[in-house]
Q: 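Got a structure for you, questions after.
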Amino acid sequence: ELLPAQPAAAAPAPPPAPKPQPPAAVERLRQQLVGQFARARSYFEAGKADFDAGRYAKAEGGLYLALQFDPKNETYIDLHKQASERAREGRAKGFITLAQQEESYQRVKEAVALYQKAVECDPPEGLAWFRLAQLLRADDPRGALANYRKATAKEPRNVAYRTALGELRALRLQFGTPHVELSLAASELGLRHFGRSDALIRNVETGTAFERDVFLQVNARILRARL
């Protein structure tokens, strides 16, 4: 009796084709990117260590280099921004300290130059603009007014800044300042809180230039005494 035919054995699978190797140029680019990101990470870690230690100027430099190798990394961008702000604030404080030393020796020109460098750093406090305005007030009232405004914008609740700004506005009344400037002067002096704004406006509009100036100065002194 004949046995049933056995199925033929399956042919062995062919060996897998060798994995294609990337072109040499692509491989070089990949290696370059790997090295680039590694360097970015190295600069970032060094910059973060400086930041954590309070060395903000040095941290700013290291984080800047990290961004040169990995410019789209959000972590690097955020910490670099923080370091830059802290470094600017530190530079501003240094310029202010030097300017105050120059003021103590009556070297006004040198102090002005240092305060100008301080405001260029755009610190969060208004002190640099206020001191600069104080030094410019006699010879450059327009420049002083601009700096008083900036100091007040930085620290709106600072009474000394608002009072100085209001006094300088008030002095401009002698040169025909419009009614709106008059109202601003009263507001800046804070006289509205003492029920004096309406009386102030009536007096300065009807009196002589001398009377207006005296009235404003007296009210400013009252304000300072009450504060």
Side-chain angles (χ1 to χ4, degrees), residues 85 88-104 106-227:
E85 290 173 353
R88 281 201 311 272
E89 186 176 348
R91 287 192 291 271
K93 288 180 178 179
F95 287 132
I96 290 171
T97 298
L98 292 173
Q100 290 172 332
Q101 291 175 358
E102 295 296 340
E103 277 195 87
S104 69
Q106 303 297 314
R107 292 197 285 258
V108 176
K109 182 178 179 181
E110 291 79 0
V112 166
L114 288 164
Y115 281 128
Q116 287 173 335
K117 289 182 178 181
V119 301
E120 288 172 3
C121 297
D122 194 25
E125 297 85 10
L127 178 61
W129 285 277
F130 176 72
R131 292 306 312 159
L132 181 58
Q134 294 286 81
L135 296 179
L136 295 176
R137 184 166 178 159
D139 298 324
D140 183 12
R142 186 184 296 270
L145 189 61
N147 283 285
Y148 280 140
R149 284 173 175 154
K150 185 67 175 181
T152 303
K154 287 284 184 175
E155 297 184 62
R157 296 181 179 275
N158 189 299
V159 175
Y161 300 173
R162 292 179 63 84
T163 301
L165 176 58
E167 288 178 344
L168 189 55
R169 285 184 188 274
L171 290 175
R172 294 180 64 194
L173 294 172
Q174 297 180 22
F175 304 97
T177 307
H179 182 278
V180 64
E181 189 78 10
L182 171 61
S183 299
L184 288 170
S187 175
E188 294 295 348
L189 285 169
L191 302 177
R192 187 174 303 278
H193 298 290
F194 305 107
R196 297 177 178 276
S197 287
D198 293 339
L200 170 64
I201 291 173
R202 287 196 298 273
N203 277 271
V204 296
E205 287 184 329
T206 58
T208 64
F210 176 77
E211 290 170 339
R212 286 182 293 182
D213 182 57
V214 169
F215 186 88
L216 288 167
Q217 295 301 322
V218 168
N219 277 278
R221 292 192 185 97
I222 291 172
L223 172 64
R224 284 195 293 270
R226 294 197 179 192
L227 294 174

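Numbers here are sequence positions counted from 1.
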Q: Quick one, Lys150 and Lys154 - any side-chain contact, counting heavy atoms below 4.5 Å?
A: yes
Q: Between Tyr148 and Thr163, is there a side-chain heavy-atom distance shorter than 4.5 Å?
A: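 In short, these two side chains do not touch, never coming nearer than 4.5 Å.
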Q: Using a 3.5 Å distance criterion without hydrogens, assess whether the side chain of Arg107 forms a donor-acceptor pair with backbone atoms of Glu102.
A: no
Q: What is the distance from atom CZ of Arg91 to atom CG of Asp122, rounded to the nearest 0.5 Å?
A: 11.5 Å
Q: Can you name the residues that form a side chain to side chain contact (heavy atoms under 4.5 Å, CB included) with Glu120, not counting sequence neighbours?
A: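 Listed in chain order: nothing, the list is empty.
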Q: Give the minimum heavy-atom separation between Ala164 and Arg137, together with the two atoms involved.
A: O-NH1, 4.1 Å
Q: CG/Leu165 to CG/Asn158 distance, rounded to the nearest 0.5 angstrom?
A: 11.5 Å
Q: Checking Arg169 against Arg149 for the side chain to side chain contact (heavy atoms under 4.5 Å, CB included) test, could you report, in this order, the C-alpha distance in whole Å, the side-chain angles of both residues, the deciding distance, and whether it holds?
A: CA-CA 11 Å; Arg169 285 184 188 274; Arg149 284 173 175 154; 3.5 Å; yes
Q: For Ala118 versus Ile96, what's the shortest heavy-atom pair and its separation?
A: CB-CG1, 3.8 Å
Q: Considering non-hydrogen atoms only, spot the tightest contact between Glu155 and Gly126 and give its length.
A: OE2-N, 2.7 Å
Q: Where is the tightest heavy-atom contact between Tyr115 and Ala128, given as atom of each residue plus distance?
A: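 It is CD2-O, 4.1 Å.
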Q: Show the nearest heavy-atom pair for residues Asn147 and Ala133, with the distance to one decimal.
A: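 Answer, listing the atom of Asn147 first, then Ala133: CB-CB, 3.6 Å.
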Q: Between Val112 and Lys109, is a side chain to side chain contact (heavy atoms under 4.5 Å, CB included) present by the stated rule, with each step listed?
A: CA-CA 5 Å; Val112 166; Lys109 182 178 179 181; 5.9 Å; no
Q: Can you tell me how far CG of Leu168 sits from CD of Gln134, rounded to the nearest 0.5 angstrom?
A: 9.5 Å
Q: Just verifying a value: how many Å separate Leu145 CG and Leu136 CG, rounded to the nearest 0.5 Å?
A: 11.5 Å
Q: Give a yes or no on whether the backbone of Pro123 and the side-chain of Lys93 come within a donor-acceptor separation of less than 3.5 Å.
A: no
Q: Test side chain to side chain contact (heavy atoms under 4.5 Å, CB included) on Val108 and Glu110; report intermediate values, then the result.
A: CA-CA 5 Å; Val108 176; Glu110 291 79 0; over 6 Å; no
